[in-house]
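Atoms within a ligand are numbered from 1 in the order they appear, just like the ligands themselves. For the numbers below, each heavy atom of this structure counts, side chains included, while hydrogens, waters and symmetry mates do not.
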Amino acid sequence: MGQERKVLWSGRFGQGAADETLAFTSSLMVDKRLARYDILGSLAHARMLTRQGIIAQEDGERIAAGLKELYAKAEEGALEIDPQLEDVHSNIEFLLTSMIEDAGARLHTGRSRNDQVATDLRMWQREAILDTIEAIHTLEHVLMERASDNVDVILPGFTHVQHAQPISLAHHLMAHFHRLARDVERFAECYRRTNISPLGSAALAGTTYNIDRLYTSELLAFKAPCANSLDGVSDRDFVAEYLFAASLCAVHLSSLCEELVYWSSPEFGFVEMDDAYSTGSSIMPQKKNPDVAELIRGRAGATIGDLLNMLVTLKSLPLSYNRDLQEDKAALFAAHDRIVACLRMAAAMVSTVKFNKERMLAATKDGFLNATDLADYLVTRGLPFRKAHEVVGAAVRYCIEQGKRLEELTLEELRSFSDLVEEDVFSILPIERCVLRRMSVGGTSPNVIPMQFSQGMSALQRQSTMFQKERARLQTAYRRLLE
Ligand code: ARG
């Protein structure tokens, strides 16, 4: 029985490796997540070997039957993983050989764990990307929904965390939407480069067997086989790209959460987090803390760390496969689980947060948010903008001394700064008018914001259909292998 051989490479060794070496080099606890893909990859490989006459029809059939049985067990979470075997590939091969003996031992013909693991990981990542995009889409939908309900809500827009110009809350929420929309594009780009098959690169140099790489690539629904076998077994760009896209997405979430944290402070009071997404203090009974937002902000650090981890691992590796590459999976899996969880929590939080419209509007009264509008008014009367800027600056200084707002000055007071000012100035000074009049493309006026909704929504729908199709395409290919 095949059970006696515990490692895949025992032939060359007199005595076995020390237990501590086996424990130290094992990746099983991390890569057992690849089991389903490992089996599917093997099914494709075995089918190709059979078709090419490299293994006998009968062996091919026994391998396929054994692998299908293992796949069913893997789906039920009932695969009997042996912790003594160093990785998921060894385990599956061992289980198969235990079932069908020599036939199973023929599966590894013209293949190496080096191309096997790269194939498995790319297959895993394809679905991971689709899951991540789905989670981003959910948050985008929530942001757009909250935005469309709050087009007429006005709050101060900030630069340097100082009052700048008044904006619509919808406009603010949609800014977060657009950041996420670009994250989706980045993941989609990453998908294209992930979707390449390294299978058949073998250990590093290709193989002497007459294998058909195009066929295995097709069976596994890859776009094409990779062009260079050395690159095929050593390339982890796709992992680094996922980690970068996840890091930037985590940065976007962190920025959104940072705002929610200080907007929920009593000094701002712009939002109140739902009880379901807040926690209390063990000592201060009055407290309601935005811990969920803080943790999303905090966890961005770990994702950026995963990206750095991967880049530093790759930077000094000579071609081709080096065992350092085994470390890719822990970083990738952790980053994926974390970003998807953060996206889901962010969606739940944003969909339930209460916006305090009165506080937002009240805040627009201070900080001379209409100063630019007064300068623009003077420009329409013929004053060069630089001069208008200076005039309004002086008016603001006067207001600060008098404890008044610009719109509270009398016509005489305003005219003391420039005799270009007329009665009609009072029609441009109200804060609501400042928002309404910013109708340039991409501006904050409620008259133009709906353009963002319709464009955003059609992009979302287009992508969503495309990615659903892609998921179905993968599932069909896998189902065919399992038939
Ligand atoms: N567990 C290894 C990994 O994740 C599989 C490849 C092992 N290859 C080798 N030459 N030791 O990268």
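Side-chain contact annotation: Thr194 with Gln125, donor-acceptor N/O pair under 3.5 Å present.
When the shell of 6.0 Å around CZ of Arg33 is examined, it contains more than 12 heavy atoms from other residues, nucleotides or ligands.
Cation-pi geometry between Arg126 and Phe222 is satisfied (NZ or CZ under 6.0 Å from the ring centre, within 45° of the ring normal).
Residue His172 is tested with Phe355, Trp263, Phe158, Phe177 for a ring-ring contact (aromatic ring centres under 6.0 Å, His included); the sole match is Trp263.
To the nearest 0.5 Å, atoms CD1 (Ile92) and NZ (Lys32) are separated by 12.5 Å.
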Steps toward side-chain hydrogen bond (donor to acceptor under 3.5 Å, both in side chains) verdict (Gln52, Tyr215)
CA-CA 10 Å; Gln52 295 298 98; Tyr215 184 52; over 6 Å; no

Between ligand 1 and the protein, which N/O pairs fall short of 3.5 Å?
residue: ligand 1; atom: 1 (N); partner: Ser27; partner atom: OG; Å: 3.2
residue: ligand 1; atom: 1 (N); partner: Asp87; partner atom: OD2; Å: 3.1
residue: ligand 1; atom: 1 (N); partner: Gln326; partner atom: OE1; Å: 2.9
residue: ligand 1; atom: 4 (O); partner: Lys329; partner atom: NZ; Å: 2.8
residue: ligand 1; atom: 8 (N); partner: Asn114; partner atom: OD1; Å: 3.0
residue: ligand 1; atom: 10 (N); partner: Asn114; partner atom: OD1; Å: 3.2
residue: ligand 1; atom: 12 (O); partner: Tyr321; partner atom: OH; Å: 2.5

